[in-house]
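Fair warning: this is a prediction, and the values are worked out from it, not measured in the lab.
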Amino acid sequence: MKGRLKVAEIPEQELNEQMQVRLGKLKELQAKGISPYGQRYERTHYASAIRENYEELAEKDVVVAGRLMAKRTMGKASFAHLQDFSGQIQIYVRLNDVGADNYEVFKSIDIGDIIGVQGYVFRTRTEEVTVGAKELVLLSKSLRPLPEKWHGLKDVELRYRQRYVDLIVNPEVKKVFVLRSKIIQAMRRYLDARSFLEVETPTMHTIPGGASARPFITHHNALDIDLYMRIAPELHLKRLVVGGLEKVYEIGRVFRNEGISTRHNPEFTMLELYQAYADYHDMMQLTEEMIAHLAQEVLGTQKVIYQGTEVDLTPPWPRLTMVEVVQKYTGADYYAWASDAEARQVAKDLGVSVSAQATKGTVLSELFEEKVEEKLIQPTFVLDYPIEISPLAKRKTDDPNFTYRFEVFITAREFGNAFSELNDPLDQRERFKKQMEQRAQGDEEAQLHDEDFVKALEVGMPPTGGLGIGIDRLIMLLTDSPSIRDVILFPTLRPRQDM
RNA sequence: GAGCCAUUAGCUCAGCCUGGUAGAGCACCUGACUUUUAAUCAGGGUGUCCCGCGUUCAAGUCGCGGAUGGCUCACCA
């Protein structure tokens, strides 16, 4: 019979007593002509809808379906809790109501099995809204015991590896992922309402660009070429702005071949958007308005608590240049440095190690990362990044050593990166050359020269503002999750043979 | 990649310091019970103590090596 499980197919060492018992029950049901894996089932109400609309539904018939989460058998009558997507509802099964055969079947049903129940809505003596079963059908037999009912599944490794179990027994986990979906939906609505066009660009690139990061390499057989999983959609999106798609965005996965931590997963989700005829000031306004709007819409407030600290997302957020913010927190004054060597000495005096080739700009950025970032708990825009570390951003007209670029920090983490896009193809080609020189000197994360992208700029790109936001970190903030793995359904883990 | 910590029953955890018959709760099994809700009552332990090597008369416990995970750091967003 199709779908029938042979005992031999389950690894022997996993066949513990509880699984053997369940397999035995499955076979008994089959012997009685009852399929343990049912067909389409038409339910009328979610569990929560019945609890919330008791007055209308009292004494009426409903059909519910879900997973059996608790079972209390008292001889010829039983209570149980059924869990569906919306929550739980109690069911009451009485021998007199369902008949001896059905009651026997019910007694053999295990916690974890998926059943359908048709019955009348009533309240028990203790006022709990309950479905009194008239008919009951097994829709799917569960062969593995669920974790314990009070403590749930705590083992973090098991929670990530068997997210399906985590979602069943830890209700707050489901809540986080429902919120994640709502936040991204609201983000799309926000951008769509402002006439941004959602696009999809390749995730496999011949030249990985748009960010400084090491890529994953893969291979296309028919073309016999190596391809790189994208580290950013940036260069393709800007090609679209050249093509006249004046406001575009993409919400999609990017891949970076780097370390894993509570804030980093090798694949993560980014929002990138580009707006022709705008600049980075427009991007700041859009950033603070959109994030505040998302918090308001999904959480009903712009003051969120993250790991015990209140973060106020109400716009406007402070704007400080990198030079200002470094001076504020370290006392070091960029404009007082006469040379790169003097800058390096200042770094040394502050206990920040920089390379022997470090320039004033890279020293400034190192000081910022080492001494300032950790202080930026409330939302803060940091403006005007050094040109050396910003190869895709437009040079400032009043100071060629800096760019019209900002990053936004909340809870000491970078949430977004944006610039007035560099649209001068000659300058862009020069910047790529500089990056390639750094690469030749061993910097594996320096950006690659993408001549086709330069060609696109030669066709002509309007002045454009661009913005990238790390979605996972935003979800962490809005769901108060301490680890990025709490907001990614299947975080990257090393595979195990024994699990 | 480095440091610290963890890994014992299906799940949540004791036991390790101070080596001597493998423990608890839930789950499960047998029986009782027609409004229970951490149901209750009577009975039953179901185990590759993460893996390997070593020390020892004897290792879940001590030592060394390894695996996986968590946290911190590094890299990065």
Examine the side chains of [X] and [Y] and answer whether a donor and an acceptor come within less than 3.5 Å of each other.
X	Y	value
A:Thr201	A:Arg230	yes
A:Tyr274	A:Glu272	yes
A:Ser78	A:Tyr103	yes

One should report the stems of RNA chain B, each a stretch of at least three consecutive Watson-Crick or G-U pairs at distances under 3.5 Å, as B:1-7 with B:67-73, B:10-13 with B:23-26, B:28-32 with B:40-44, B:50-54 with B:62-66
In whole Å, what is the span from the [atom1] atom of [X] to the [atom2] atom of [N]?
X	N	atom1	atom2	value
A:Ile469	B:A77	CD1	C1'	12 Å
A:Ile260	B:C73	CD1	P	17 Å
A:Phe419	B:A77	CZ	C1'	13 Å

Closest nucleotide of RNA chain B for A:Leu153 versus for A:Lys76: which of these residues is on the 5' side? A:Leu153
Mapping A:His81 and A:Pro482 to their closest nucleotides on RNA chain B, which lands nearer the 5' end? A:His81
Please state the P separation for the pair B:U48 and B:G43 - nearest whole angstrom. 28 Å
Are A:Phe268 and the base of B:A77 stacked, counting only ring centres nearer than 5.5 Å and planes tilted under 30°? yes
Considering every strand and a 4.0 Å limit on heavy-atom distances, what is the contact class for [X]: base, sugar-phosphate, or nothing?
X	result
A:Phe122	base
A:Tyr160	sugar-phosphate
A:Asp97	nothing
A:Gly416	nothing
A:Gly470	nothing
A:Arg494	sugar-phosphate
A:Glu128	base

When you measure only distances, ignoring hydrogens and angles, does the side chain of [X] come within 3.5 Å of the base of [N] through a donor and an acceptor?
X	N	result
A:Asn96	B:U34	yes
A:Arg125	B:U35	no
A:Gln90	B:U36	yes

Among [options], which nucleotide has an atom closest to any side-chain atom of [X]?
X	options	answer
A:Pro147	B:C11, B:U68, B:G70	B:C11
A:Arg473	B:A39, B:A77, B:U34	B:A77
A:Arg263	B:C73, B:G69, B:A39	B:C73
A:Phe79	B:C11, B:U35, B:A77	B:U35
A:Arg72	B:U36, B:C75, B:U34	B:U36
A:Arg485	B:G70, B:A77, B:U68	B:G70

Report yes if some heavy atom in the side chain of A:Thr203 is under 4.5 Å from a heavy atom in the side chain of A:Glu267; otherwise report no. no
side-chain contact (heavy atoms from CB on, under 4.5 Å) for A:Glu52 and A:Leu57? Distances and angles first, verdict last. CA-CA 10 Å; A:Glu52 285 158 19; A:Leu57 292 170; over 6 Å; no
For the residue pair A:Phe196 and A:Tyr249, categorise the inter-ring angle as parallel (less than 30°), tilted (30 to 60°) or perpendicular (more than 60°). perpendicular
Measure up the A:Phe381 and A:Phe406 rings against each other and bin them: parallel (under 30°), tilted (30 to 60°), perpendicular (over 60°). perpendicular
Respond yes when some side-chain nitrogen or oxygen of A:Arg161 is under 4.0 Å from OP1 or OP2 of B:G69, and no when none is. yes
Euclidean distance, A:Met69 CE relative to A:Gln88 CD, rounded to 0.5 Å: 5.5 Å
In terms of side-chain geometry, is the basic nitrogen of A:Glu288 or A:Arg319 positioned less than 4.0 Å from the acidic oxygen of its partner? yes
Between protein and nucleotides 23-32 of chain B, map the contacts as a letter string: B base, S sugar-phosphate only, - none, heavy atoms under 4.0 Å, written 5' to 3'. --BBBSS---
Set of side chain to side chain donor-acceptor pair (under 3.5 Å) partners for A:Asp110, sequence neighbours left out: A:Lys25, A:Lys141
Salt bridge (Lys or Arg N to Asp or Glu O under 4.0 Å) for A:Arg256 and A:Glu445? Distances and angles first, verdict last. CA-CA 11 Å; A:Arg256 298 188 184 176; A:Glu445 287 172 0; over 6 Å; no
